[in-house]
Structure formats: structure tokens, C-alpha cells
Amino acid sequence: MPLGLFGNKFTPKKTPPRRAQSLSNLNLDAEQSRTEFGVDYSGVKLNLGGQEVAFENGMWVTESGVGGASQREVMHLKKTNQQLHEENNLLKLKIDILLDMLSEISAVSHFHENELKQLREAKSKKR
């Protein structure tokens with residue numbers, strides 16, 4: 001067997017060094033490139049059939065409603081309504097607690113009044 005067939009190892013050619021300059025033909029300064037390619041971007045808005053739609057928090061929200069409130073306003077009102085329901089429930093709970101405390105204090109006061117009345121009667125009988 002010839003030695004040249006199995007003896008030589010494959011040696012690839014060296015690649016030429018890359019150019020230091022960018023191959024892009026865009027000549028933008030830092031501010032323009034940040035505006036164009038940066039992560040600071042405004043929300044996505046579409047106008048479909050006269051109705052504006054924006055992409056916010058993973059949902060498409062209508063900007064302008066037809067004959068009423070926009071979806072954004074409806075969502076805000078629903079959120080406000082939920083907060084008011086929670087506040088109302090909390091206030092009802094506080095009123096129940098205060099009524100329980102009032103009835104307990106009234107019962108204790110009534111008990112002390114009866115005890116005081118009995119002590120006065122017992123004192124007047126001893127005289």
C-alpha cells in the first residue's frame with residue numbers, strides 16, 4: 001500500500017483576516033442607530049378599517065371605540081370596578097367586626113351594671 005494514501009493529514013488553508021470595517025452601507029451616528037435598531041421603541045399600532053388597534057402587554061387593544069368607550073377605557077373601568085368591589089368588601093368586613101366589638105362591650109357593660117346593682121342591694125340589706 002502506498003504511504004501517501006493514508007499518511008497525509010488534511011490541512012485546510014488559512015482563511016484571510018477579516019476587514020475591520022463594517023460591510024454595512026448605513027452611515028448612522030450612535031443616536032440614529034439607537035433609534036433605528038435599539039430596544040427603545042414605541043408600541044405597535046395599526047389602523048384597520050378606521051379602527052386603531054395597539055399591542056400592549058401581549059394583547060391587542062382597540063384605541064378608538066365605535067359609538068362608545070374604547071377597549072382601553074373599558075379595561076380601565078373594569079379594573080377600577082374590581083378595586084371598588086374589593087374595597088367595599090373590606091369595609092363590610094370592618095363594619096361587621098366593629099358591630100361584634102360593640103355588642104361585646106355592651107354585654108360586658110350590662111353585666112357590670114347588673115353586678116353593681118346586686119352589690120348595692122346587698123349593701124342596703126346589711127344596714
Side-chain angles (χ1 to χ4, degrees):
M1 277 196 206
L3 192 58
L5 184 61
F6 295 106
N8 289 341
K9 293 185 177 180
F10 178 72
T11 55
K13 294 180 182 178
K14 286 193 170 185
T15 58
R18 294 186 180 184
R19 288 188 271 165
Q21 297 177 354
S22 172
L23 297 176
S24 172
N25 59 359
L26 296 175
N27 296 324
L28 302 175
D29 63 348
E31 183 64 32
Q32 288 174 331
S33 64
R34 190 176 320 117
T35 304
E36 288 293 324
F37 305 114
V39 293
D40 185 24
Y41 57 89
S42 62
V44 178
K45 293 186 179 183
L46 300 174
N47 188 350
L48 300 173
Q51 191 165 14
E52 291 183 20
V53 180
F55 191 74
E56 294 177 357
N57 299 327
M59 293 176 48
W60 287 101
V61 180
T62 57
E63 293 284 320
S64 58
V66 178
S70 69
Q71 188 175 357
R72 176 177 288 152
E73 292 170 354
V74 170
M75 288 173 50
H76 176 70
L77 291 173
K78 283 183 179 180
K79 183 178 178 183
T80 305
N81 191 17
Q82 179 66 29
Q83 288 174 344
L84 291 174
H85 277 293
E86 290 173 2
E87 184 180 355
N88 192 17
N89 289 338
L90 178 66
L91 292 173
K92 286 180 181 178
L93 180 66
K94 286 182 178 183
I95 287 173
D96 286 342
I97 292 171
L98 287 174
L99 287 174
D100 288 345
M101 291 170 64
L102 180 63
S103 62
E104 182 182 352
I105 294 296
S106 297
V108 169
S109 175
H110 184 65
F111 175 76
H112 286 299
E113 286 176 6
N114 286 342
E115 190 177 0
L116 187 60
K117 186 190 260 185
Q118 289 175 357
L119 289 174
R120 284 184 182 157
E121 288 175 0
K123 184 178 178 186
S124 66
K125 286 183 182 179
K126 286 185 178 181
R127 286 187 185 185

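In the hydrophobic cluster analysis, where Ile, Leu, Val, Met, Phe, Trp and Tyr join through side-chain heavy atoms closer than 4.5 angstrom, L98 is grouped together with L93.
Rounded to the nearest 0.5 angstrom, I105 CD1 and D100 CG are separated by 12.0 Å. Between the CG atom of L84 and the CG atom of N89 there is a distance of 11.0 Å, given to the nearest 0.5 Å. For the atom pair OG (S103) and NE2 (H110), the distance works out to 13.5 Å, reported to the nearest 0.5 Å. To the nearest 0.5 Å, the span separating CG on L116 from CZ on R120 amounts to 4.0 Å.
Of the N and O atoms on the side chains of Q82 and E86, at least one donor lies less than 3.5 Å from an acceptor on the other residue. A side-chain N or O of H85 and one of N81 form a donor-acceptor pair less than 3.5 Å apart.
Side-chain atoms of Q83 and K79, non-hydrogen and from C-beta on, do get closer than 4.5 Å to each other.
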